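In this text, all values refer to a predicted model and were calculated from it rather than measured experimentally. Every number for a ligand or one of its atoms is a count from 1 in the order of the listing.
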Amino acid sequence: MENKLRLDIVTPHGLVLSEDVDEVAATGTEGEFGVLPGHVPFITTLKIGMLVLKKDSKTEYVFVSSGYAEVSPDKVVILADSAERSEDIDVERAKAAIKRAEERLRQEEKVDFARATAALERAAIRIQIAERRVAR
Ligand code: ATP
């Protein structure tokens, strides 16, 4: 479609989103990046963060955990470990994940620090994105 980008977000759990959009912004490991139709191709790794998509007059927010993005002039493919649209985020689940991770981090021994920190980060960002839920 002219002047649109096809955005596909794929996780091991399935296709989260496949839509024609006007603009995509996401969190790469090298920093945030924005893509409009016609962008030069590139591939980047992603870190836990928020993907923002603009479509007509709507803005939507999607949680994306680590993975990578493949950008071509008419397409953005996101391959992530997990992803949810803001309205699909279960805030109580994320709060429980924060509690679990915090308890683990308080233990002095046998803690996989990186794993607990990443779980904490995923949950905290999920909550932030859920707060941006678009009223429908
Ligand atoms: P949890 O400890 O609650 O499972 P997690 O960060 O370890 O959280 P992930 O490994 O990122 O979970 O994701 C596993 C699956 O659960 C994915 O399909 C993901 O989309 C889903 N998921 C995880 N947390 C939430 C949430 N708060 N709301 C909705 N879906 C979630």
Side-chain angles (χ1 to χ4, degrees):
M1 201 185 289
E2 214 178 314
N3 284 328
K4 289 274 182 190
L5 276 171
R6 168 55 63 113
L7 171 64
D8 286 344
I9 303 181
V10 186
T11 76
H13 307 281
L15 184 66
V16 173
L17 185 150
S18 182
E19 277 185 41
D20 291 317
V21 303
D22 298 309
E23 198 178 329
V24 176
T27 318
T29 43
E30 307 290 312
E32 296 200 0
F33 61 91
V35 181
L36 292 167
H39 201 291
V40 289
F42 72 97
I43 290 180
T44 183
T45 45
L46 295 171
K47 62 179 186 182
I48 301 165
M50 180 168 69
L51 179 143
V52 182
L53 71 89
K54 292 192 177 161
K55 182 180 180 180
D56 304 321
S57 55
K58 271 193 323 186
T59 303
E60 287 189 40
Y61 305 93
V62 183
F63 168 80
V64 179
S65 70
S66 48
Y68 75 90
E70 184 179 7
V71 173
S72 46
D74 61 353
K75 196 167 181 181
V76 176
V77 179
I78 304 286
L79 292 172
D81 293 334
S82 57
E84 303 100 43
R85 290 173 181 264
S86 57
E87 62 266 35
D88 294 328
I89 293 172
D90 179 340
V91 173
E92 291 310 312
R93 177 173 171 172
K95 284 182 181 166
I98 287 187
K99 205 166 161 228
R100 275 198 310 277
E102 284 177 343
E103 276 162 13
R104 280 194 194 107
L105 290 168
R106 271 198 293 273
Q107 291 167 15
E108 303 243 320
E109 287 166 44
K110 287 192 187 164
V111 180
D112 183 339
F113 185 80
R115 189 173 162 184
T117 306
L120 190 62
E121 196 181 352
R122 286 195 298 277
I125 294 178
R126 278 182 169 116
I127 291 170
Q128 282 173 22
I129 295 172
E131 283 167 0
R132 292 179 176 245
R133 202 165 284 179
V134 186
R136 283 170 194 262

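When hydrogens are left out, the protein atom nearest atom 8 (O) of ligand 1 is Arg126 NH1, 3.9 Å; that is the closest non-hydrogen contact. With respect to atom 6 (O) of ligand 1, the closest heavy atom belonging to the protein is Arg122 NE, 2.6 Å. Atom 19 (C) of ligand 1 has Glu84 OE2, 3.1 Å as its closest protein atom, hydrogens excluded (heavy atom only). Nearest non-hydrogen protein atom to atom 27 (N) of ligand 1 is Asp90 O, 2.9 Å.
Of all atoms in ligand 1, listed by their number and element, those nearer than 4.0 Å to a heavy atom of His13 are 15 (C), 17 (C), 18 (O). Remark: ligand 1 atoms within the under-4.0 Å shell around heavy atoms of Ala94 are 27 (N). Of all atoms in ligand 1, numbered sequentially from 1 with element shown, those under 4.0 Å from a heavy atom of Ser82 are 9 (P), 11 (O), 13 (O), 17 (C), 19 (C), 20 (O).
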Decide yes or no on salt bridge (Lys or Arg N to Asp or Glu O under 4.0 Å) for Glu19 and Arg85, but give the supporting numbers first. CA-CA 13 Å; Glu19 277 185 41; Arg85 290 173 181 264; 2.6 Å; yes
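Heavy-atom neighbours of Tyr68 OH from other residues, nucleotides or ligands within 6.0 Å: at or below the threshold of 12. At most 12 heavy atoms of other shown residues, nucleotides or ligands fall within 6.0 angstrom of atom CD in Glu70.
Ion pairing of Lys55 with Asp22 is absent here, as no side-chain N (NZ or NE/NH1/NH2) approaches a carboxylate O to less than 4.0 Å. Using a 4.0 Å cut-off between charged side-chain N and carboxylate O, Lys95 and Glu92 make a salt bridge.
The option from Val91, Leu120, Ile125, Asp88 that lies nearest to atom 29 (C) of ligand 1, judged by heavy atoms, is Asp88. Nearest to atom 2 (O) of ligand 1 by heavy atom, out of Glu92, Arg100, Arg93, is Arg100.
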